[in-house]
Amino acid sequence: MKRTRVPRSFLYTILVSILLFIAIAVLMNRVQELLQSDVQINLTEIVTQNKDVINSKIELEVNNLDLVARQVVDRISMSENPDQVNVRELFLKYAEEAGDPFLCYSDPEGNALYGDGQEVSIAGRRYFQLAMQGKENISERTISRLNGQDIFVISVPLRYNGEIIGTLQKQYTPDEMYNICSISLFSQQGSMCIINSEGYILISSEHGETYSKESSNYYRMLYLENPTAAKRLEQDLLDGKEGFMEVTIAGEKQFSAYANIEKIHDWYLITSINANAVMPNASIVIKLFFGILSVVVVSLATMMMYHLSLKNKQRMRIEQLAFVDEVTGGNTYTKFTIDVQKLLQTEQRTSYSILAFDIDSFKYINGFYGFEQGDKILKTVYDQYQSQLTEKERIARISADHFVVLLKDVSTERLKTLFCSELSIDGIKVYLSAGLYHLKNNEESLNLVLDKATLISRKAKDQSHKEVFIYSDEVDADINRKEQVKRAIEQALANNEIVAYFQPKVDIDGNKLAAAEALARWITKEGVMISPAEFIPICEKTGIITSIDWTILEQTLQFLRTCIDNHLPCVPISVNFSRHHLRNPDFSQTLRERLEHYQIPGELIEVELTETIIFDNAKSVNNLIHELHDFGVKVSMDDFGSGYSSLHMLQDVDIDTLKIDRGFLQSTENSERQTTIFETIVQMANKLHIQTVVEGVETAEHITLMKQSGASIAQGYFYSKPVDRATFEKLCEGEDLW
Ligand code: C2E
Ligand code: CA
Ligand code: CA
């Protein structure tokens with residue numbers, strides 16, 4: 001049933017963390033890019049400068065050789081017979097003087113002569129051919145015909161009288177060439193190499209140590225880890241373009257810039273530097289930054305998660321309190337309301353009914369078997385119903401022993417199986433009273449329909465043969481009528497149509513007025529008197545009875561005030577108070593204020609509470625009695641003997657007066673037994689110093705019985721019916737009517 005839902009705030013946290021991370025990563029990437037573009041600019045500048053330096057150094061070498069060529073030609077022209085000069089001899093002499101064995105002269109046929117006298121043919125060599133065409137040049141890396149070693153050769157033409165009479169060559173080992181080309185680079189952190197367009201490394205600052213024989217091709221070396229860069233480099237060099245690249249060689253990151261050395265055909269300079277050498281701090285800062293960032297993000301996320309899980313737990317606890325009933329372990333009414341409202345909204349086409357039921361006399365079950373057993377019964381009842389519900393039906397305990405069920409199928413058979421009005425739980429017989437209300441539409445207020453179902457379930461209470469009572473239009477009409485009566489009584493109260501009548505209580509020894517009871521009468525505008533028997537029960541049901549009681553008290557107090565003011569003899573007057581007042585914690589305080597308002601001593605007012613009120617709430621009533629005693633007000637137990645009370649009860653509550661219900665005198669059956677009980681009650685009350693008032697005294701026989709039993713105060717038609725204020729005033733004045 002329960003769906004685990006990822007809380008929205010949790011998703012937010014994840015999202016914020018991710019966004020934060022991306023933002024920082026983008027930022028750091030940008031920083032890195034900026035740093036890199038700085039490196040690119042610097043490195044490109046360096047490679048251009050280096051290229052220029054190399055160009056000019058090579059040019060210097062070429063110029064030097066040119067100078068030598070001119071010196072050789074000068075010697076030819078200075079000799080006695082220049083046209084006959086043996087150039088080979090002249091050259092050998094020159095070379096010897098210059099001490100340069102690698103200087104080499106070649107005649108136009110390509111027969112080369114070295115300074116040390118060795119001879120070799122270079123007729124096929126390109127550098128020789130170019131020089132013969134008058135172009136100073138430097139060769140590619142070639143292999144020496146003399147010793148088979150790698151060499152570079154600079155070759156210039158020998159011009160005499162505008163005619164090329166041969167060439168001069170100077171050869172260099174790769175090391176020598178490197179020394180010429182080398183530039184001190186980035187405090188040994190950098191490296192440079194010269195390659196040709198096929199990628200062969202011609203000169204390298206690493207002297208071939210890093211670049212093994214296989215890797216002596218630069219492209220091949222790059223291809224391993226950087227195929228795209230290698231391709232681009234190859235293309236750029238073919239196009240004679242300059243460029244920059246970021247590559248990884250043997251796992252190390254390098255930045256490289258490359259450019260064409262224009263002075264030498266097919267020579268390209270590549271200057272590289274280790275990334276760590278250029279941005280050592282940058283990479284440390286970036287790593288550090290990412291480290292700190294990760295720690296911050298992780299701790300932030302942890303904190304958020306912790307916070308969220310705490311909140312989650314709290315929410316679950318609150319939900320548990322609000323949604324799970326601790327007695328049944330099932331739904332609370334709150335949960336029921338939420339679920340049912342959702343159901344009613346989604347299932348618009350389904351007609352639903354609300355079943356309300358409670359356990360008869362549950363209070364007595366609790367009192368007799370204890371709360372633990374009581375709770376067990378509640379749980380069993382809940383489980384029994386829950387197990388019979390379908391997916392789209394719900395049940396909850398509302399409070400105490402009241403339950404509510406939302407039903408889809410309310411066919412007679414279903415109700416029969418579902419509602420078994422008599423259950424036996426642990427051997428205890430439990431009776432349920434249930435009322436059913438068919439929802440007219442799914443928009444009806446849940447509280448109202450529950451009220452209706454509950455209302456109709458009360459009807460079942462009075463029935464011995466239990467069935468589910470269904471709320472009908474008649475019930476509706478009944479309720480409307482009650483509502484109307486309630487409004488009429490409110491109106492009557494406002495129009496002072498509710499008036500107090502007084503019925504004397506007479507001391508039968510001497511027929512003296514001893515006290516009186518104030519009783520409500522409704523005298524309409526038209527002068528019709530409505531008896532309390534007609535309106536009091538409805539007032540009890542609607543709760544408006546409390547207003548009536550206060551009105552009667554008010555009129556009683558006003559009457560007593562007039563009596564005192566007119567120096568008339570006063571007798572205590574009792575006022576009836578309904579059970580509704582017990583729920584009002586300010587009851588005694590309000591009563592006291594009214595007495596003080598009229599300056600009436602408490603001894604002149606007695607509060608009448610019926611036997612059943614006292615029986616049902618002995619403890620709280622006793623507290624109330626003590627509060628009232630504090631300001632002199634006495635309490636009488638009305639209708640004693642009409643309910644289930646026992647004489648034992650008299651020990652528990654400190655009442656002042658016992659009003660013996662008129663049923664004792666009026667019943668005709670078993671009169672002997674009745675008389676005995678009557679006598680016992682009076683005697684017991686006398687022993688307990690509780691005054692007795694006998695109600696419904698209508699005949700002289702009743703008086704005789706009272707005298708026999710020792711009862712002295714009578715209230716009844718024998719002396720007087722309840723009378724209006726003016727009549728009662730006369731009775732007080734001592735008019736001896738009896
Ligand atoms: P109750 O408190 O038991 O009042 C006594 C009732 O017995 C009164 O009926 C009275 O007229 C009637 N009665 C008195 N003597 C005799 C008699 O000799 N024979 C017979 N057959 N009846 C006698 P009433 O005035 O109609 O009041 C009926 C009930 O309405 C009262 O019973 C009381 O429970 C209630 N009631 C009346 N006024 C008030 C009120 O202001 N507040 C509250 N809460 N209840 C009231
Ligand atoms: Ca009474
Ligand atoms: Ca009574």
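Each residue takes its place number in the sequence, starting with 1. Not measured: the values here are computed from a predicted model. Every number for a ligand or one of its atoms is a count from 1 in the order of the listing.
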### Query
Taking it one step at a time, do Leu513 and Tyr719 satisfy side-chain contact (heavy atoms from CB on, under 4.5 Å)?
CA-CA 10 Å; Leu513 177 69; Tyr719 290 104; over 6 Å; no
_As a quick check of understanding, evaluate side-chain contact (heavy atoms from CB on, under 4.5 Å) for Ile614 and Ile655, giving each step before the final call._
CA-CA 10 Å; Ile614 298 175; Ile655 49 146; 4.2 Å; yes
Assess the residue pair Thr328 and Asp383 against the criterion (side-chain contact (heavy atoms from CB on, under 4.5 Å)); give the C-alpha distance rounded to whole Å, side-chain angles, the decisive distance to 0.1 Å, and a yes or no. CA-CA 8 Å; Thr328 62; Asp383 290 346; 5.7 Å; no
Checklist entry - Can you list the steps and then say if Ser399 with His402 is a side chain to side chain donor-acceptor pair (under 3.5 Å)? => result CA-CA 5 Å; Ser399 63; His402 294 267; 5.5 Å; no
Please tabulate, for the side chains in residues 481-498, all donor-acceptor contacts under 3.5 angstrom to protein atoms that are two or more places apart in sequence or on a different chain.
from	atom 1	to	atom 2	distance (Å)
Arg481	NH2	Asp478	OD1	3.4
Asn495	ND2	Gln491	O	3.4
Glu497	OE1	Trp522	NE1	3.0

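Geometrically, Arg397 does not engage Phe403 in a cation-pi contact defined by less than 6.0 Å to the ring centre and at most 45° from the axis.
Among residue pairs with one or both ends in residues 713-723, none qualify as salt bridge (Lys or Arg N to Asp or Glu O under 4.0 Å); sequence neighbours excluded.
Protein residues with a heavy atom closer than 4.0 Å to ligand 1 are Gln503, Glu517, Leu519, Ala520, Arg521, Pro532, Ile536, Ile545, Asp549, Ile552, Asn576, Ser578, Asp638, Asp639, Arg662, Gln666, Glu695, Gly696, Val697, Glu698, Gly716, Tyr717, Pro722, listed by chain and number.
The Ca ion (ligand 2) has an N, O or S atom of Asn576 inside 3.0 Å of it.
For the Ca ion (ligand 3), the tally of protein N/O/S atoms lying closer than 3.0 Å stands at 4.
Using bins of under 30°, 30° to 60° and over 60° for the plane-to-plane angle, the ring pair Phe577/Trp550 lands in the perpendicular bin.
The N, O or S atom of Glu517 lying closest to the Ca ion (ligand 2) is OE2.
The aromatic ring centres of Phe728 and Tyr501 sit 6.0 Å or more apart.
Taking 4.5 Å as the limit, some side-chain heavy atom of Arg592 sits within range of a side-chain heavy atom of Phe631.
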